[in-house]
Asks: 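Following this message is one structure expressed as structure tokens.
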Number of protein chains: 2
Amino acid sequence: MERAPVHGIEVFLTIVQEGSLRAAANVLGVGAPAVSLQLKALEERLGVGLIIRSTRSIELTEAGRVLFEAAGPAYRDMIYAVKKTREVGASLNGTLRLSLSRGAYVAALAPVLERFQADNPGINLELSWNEELVDINREGFHAGIRLGDVLSPDMVAVRLTGPLATVFSASPGYLDRAGRPEHPRDLLEHNCIRYKLPTANRIADWVFCEDGQDKVIDPPARLVFDHVLGVIQAAREGHGIGWSMRATAEEHLASGELEAVLDPYARALPPFYLYYPEQNKRVECLRLLIDCLVTHRDRQRRDGPKS
Amino acid sequence: MERAPVHGIEVFLTIVQEGSLRAAANVLGVGAPAVSLQLKALEERLGVGLIIRSTRSIELTEAGRVLFEAAGPAYRDMIYAVKKTREVGASLNGTLRLSLSRGAYVAALAPVLERFQADNPGINLELSWNEELVDINREGFHAGIRLGDVLSPDMVAVRLTGPLATVFSASPGYLDRAGRPEHPRDLLEHNCIRYKLPTANRIADWVFCEDGQDKVIDPPARLVFDHVLGVIQAAREGHGIGWSMRATAEEHLASGELEAVLDPYARALPPFYLYYPEQNKRVECLRLLIDCLVTHRDRQRRDGPKS
DNA sequence: ACATACTATTTAGTAATACTAAATAATGGA
DNA sequence: TCCATTATTTAGTATTACTAAATAGTATGT
């Protein structure tokens, strides 16, 4: 790298400001010879003398004056830039931008939101609620929350929940009409309301669990949504059987609008994870959020797992 | 010096501008690992990630964007400052400011002035014509020309002339009236026109030479000037005997207005020197002037010493 | 999907640089 | 003149920067 052009200018500026090499050495926290040698090296690199020094005083040469007047303000600007950059990482104040799906919000973030906001009055949360898997960095997000099966391997991932229970469900009216499936293969004879991944642009596999093995089934996609709430909605309206996270359907199961079927075969989905690029690991706001989420996750497990 | 805060920023900025570590390495003239390590070290120092890098592309984190936007312009300013500073030393154009006495001008500079100006059309000369010995650097001069006996030891000195012949002289009318001294001690009985050093604020010794020895004499200072031309003027007007450089009085000696006395005792003064602070030794304009002056000095000696 | 071609990183070793302590030199003031 | 202070030189040491070689990761084309 052959010595950056600006190398040593800090020493020069400090000498001028302090008025002597010794004072500059004290300010910089080094011995006097270090300053002397650095200054000499700088003059050597620039090919011109900068400071006329006697043991009792210093004076700038013409070149020294030019450098001091031009580089001084620029150097201060750089110091300021560095300071601001540090603050991005160190600040306990600021805005944390997250990208997360509705399900992720409900299952992972919502339970701790109130406490987090109360504990961290300086941190604003900016939540982008979308189902697509976005490039969180390019879009200006600090982190995202997604299901574990869609994570990039180059992201740091923090598990936020246990595995997520799922449910096959339909309205009682539909089931009365079309019959209640006893085994997943019966689904092939049913109206199945499928979910299409918005980004991958393909219909999500239906996976069930039998004898401890995951098995894929592909019932006819008579009705497809790219949003989970659409699936639930259609199921409630009696259009067929949907497969969703249990938490998402829970309220309708409780009210009797939906009825669960095939429960022994309902496979758990991988947990939600918060993920972020390695380079954001020192953003203090993010660390605080993660602490909060993980604390909640661990308390959940102790008090009794929900999902 | 514990690593200047701005250290490594050049590497960071280059990476961002070039779009990859490898390209930055090429630009900086180092291997790829060097860049990688420097970037990592910078992130470590700032306590925050700056660039998210995969093998095919890079992206800035929020902190990286802050740093790039704030430090980029400041860094360019510093580069510019360094460039301007270099030019002070390297430029063959510009203004050279000299402090010199009238005698120095006549004896040392004037003979080469025309040639120097012709050879160096880019260099402007700014001459401060004063008898006082000024602090050339504090006053913004690059160099000065003075007699050898008043030089500070911390300046680089370049001899420009041989020893300077002096002359005791008076008007023929005065000498007819007061008599022609045969030996310096006769001066004690004469009106002597003395010279007072403007800076030192003391009357200059009269020194003569006898048997190879310098001897000081202190005739009554009936009439004192702080400018050599005053001494000459008064001598021409018949007010007494003056002591001056022979070159300064030459034209009046030739015209018969002045008549030399005590020539065997007239001591030569030390030569004129150009002097400048060590730190200006690389100012290219000054080197050119010195070359020109020294060339002339040596040609003078070969062709026949004048003084 | 697989190989290919690039790019980044790690590691270990080496070259270069920065710094210190101690001695020396220089300077302004009592 | 000496004293107090400051700068510089020198020699040695510690730190840092860099490279080469090996490894790992990723987008592109086939």
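Below, read A as the first sequence line, B as the second, and so on, with proteins coming before strands; counting in each chain starts at 1. All values derive from a computational prediction rather than experimental measurement.
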Asks: Without decimals, in angstroms, what is the distance between Leu37(A) CG and dA16(C) P?
Replies: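 About 18 Å, once rounded to whole Å.
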Asks: Taking the side chain as everything from C-beta on, heavy atoms only, tell me whether Arg97(B) gets closer than 4.5 Å to Ser128(B).
Replies: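 No, side chains not in contact.
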Asks: Atom CZ of Arg56(B) to atom P of dT9(C): distance rounded to whole Å?
Replies: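 Atom CZ in Arg56(B) sits about 14 Å away from atom P in dT9(C).
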Asks: Any residue in residues 18-25 of chain B with a heavy atom nearer than 4.0 angstrom to DNA chain C? Just list them by number, or reply none.
Replies: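 Contacts with DNA chain C under 4.0 Å: Ser20(B), Leu21(B), Arg22(B).
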Asks: Below 4.5 Å, heavy atoms only, C-beta onward: do Val156(B) and Glu278(B) meet side chain to side chain?
Replies: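 Contact flag for Val156(B)/Glu278(B) side chains = yes.
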Asks: How long is the line joining CD1 of Ile52(B) and C1' of dT26(D), in whole Å?
Replies: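 The distance from CD1 of Ile52(B) to C1' of dT26(D) comes to 16 Å, rounded to the nearest Å.
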Asks: When the C1' atoms of the five terminal pairs at each end define the local axes, what inter-axis angle does the helix from dA1(C)-dT30(D) to dA30(C)-dT1(D) show, to 10 degrees?
Replies: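 One end axis against the other gives 40°.
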Asks: If you look at every heavy atom in His142(B) and Tyr276(B), which pair is closest and at what distance?
Replies: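 So the two residues come closest at O-CB, 3.4 Å.
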Asks: Please check the phosphate of dA18(C) (OP1 and OP2 only) for any side-chain N or O of His7(A) closer than 4.0 Å.
Replies: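 Answer yes for this pair, as a side-chain N or O of His7(A) is under 4.0 Å from OP1 or OP2.
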Asks: Would you kindly give the CD1-to-C1' distance between Ile58(A) and dT27(C), to the nearest whole Å?
Replies: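 It is 15 Å, rounded to the nearest whole Å.
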Asks: Check nucleotides 22-24 of chain C against the protein and report each pair of N or O atoms closer than 3.5 Å, with its distance, or say if there are none.
Replies:
none

Asks: Is there side-chain contact between Leu164(A) and Leu147(A), with at least one heavy-atom pair below 4.5 Å?
Replies: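 Leu164(A) reaches Leu147(A) side chain to side chain.
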Asks: With a 4.5 Å cut-off on side-chain heavy atoms, are Phe68(B) and Thr85(A) touching?
Replies: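 Sidechains of Phe68(B) and Thr85(A): no contact.
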Asks: Send over the distance from Gln38(B) CD to dT16(D) C1', rounded to a whole Å.
Replies: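 After rounding, the gap between these two atoms is 9 Å.
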Asks: Which residue lies toward the 5' end of DNA chain C, Ala32(A) or Thr55(B), if each is placed at its nearest nucleotide?
Replies: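 Closest to the 5' end, via its nearest nucleotide, is Thr55(B).
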Asks: Give a yes/no answer on whether the side chain of Arg53(B) brings an N or O atom under 4.0 Å of OP1 or OP2 in dT7(C).
Replies: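 Indeed not, no polar side-chain atom of Arg53(B) lies that close.
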Asks: For side-chain contact (heavy atoms from CB on, under 4.5 Å), just list the numbers for Glu10(A) and Leu28(A), CA-CA rounded to whole Å, side-chain angles, deciding distance to a tenth of an Å, and then say yes or no.
Replies: CA-CA 9 Å; Glu10(A) 183 189 33; Leu28(A) 295 170; 4.2 Å; yes
Asks: How many whole angstroms separate atom CD of Glu44(B) from atom C1' of dT9(C)?
Replies: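 For the pair Glu44(B) CD and dT9(C) C1', the rounded distance is 16 Å.
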Asks: Can you tell me the distance, in whole Å, between the CG atom of Leu39(A) and the P atom of dA7(D)?
Replies: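 These atoms are roughly 11 Å apart.
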Asks: Would you mind checking if Lys40(B) and Glu43(B) are paired as a salt bridge, meaning a charged N to carboxylate O distance below 4.0 Å?
Replies: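 No, Glu43(B) and Lys40(B) are not salt-bridged.
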Asks: Taking only the side-chain nitrogens and oxygens of Ser36(B), find out if one of them lies under 4.0 Å from OP1 or OP2 of dT9(C).
Replies: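 Result: yes.
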Asks: Separation of Glu59(A) atom CD from dG28(C) atom P, in whole Å?
Replies: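 Taking CD of Glu59(A) and P of dG28(C), I get 11 Å after rounding.
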Asks: Hey, are the side chains of Val6(B) and Tyr75(B) touching, using non-hydrogen atoms and a 4.5 Å cut-off?
Replies: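 They are not in side-chain contact.
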Asks: Side chains of Tyr273(B) and Arg159(B), heavy atoms from C-beta outward: is any pair under 4.5 Å?
Replies: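 Yes, side chains in contact.
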Asks: With the threshold set at 4.0 Å, does a side-chain nitrogen-carboxylate oxygen contact exist between Arg282(A) and Glu44(B)?
Replies: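 Counted as a salt bridge, because a side-chain N and a carboxylate O are separated by less than 4.0 Å.
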Asks: Contact between Leu289(B) and Leu98(B) at the side-chain level, heavy atoms closer than 4.5 Å - yes or no?
Replies: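 Sidechains of Leu98(B) and Leu289(B): in contact.
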Asks: Between Thr61(A) and Val66(A), is a side-chain contact (heavy atoms from CB on, under 4.5 Å) present by the stated rule, with each step listed?
Replies: CA-CA 9 Å; Thr61(A) 64; Val66(A) 167; over 6 Å; no
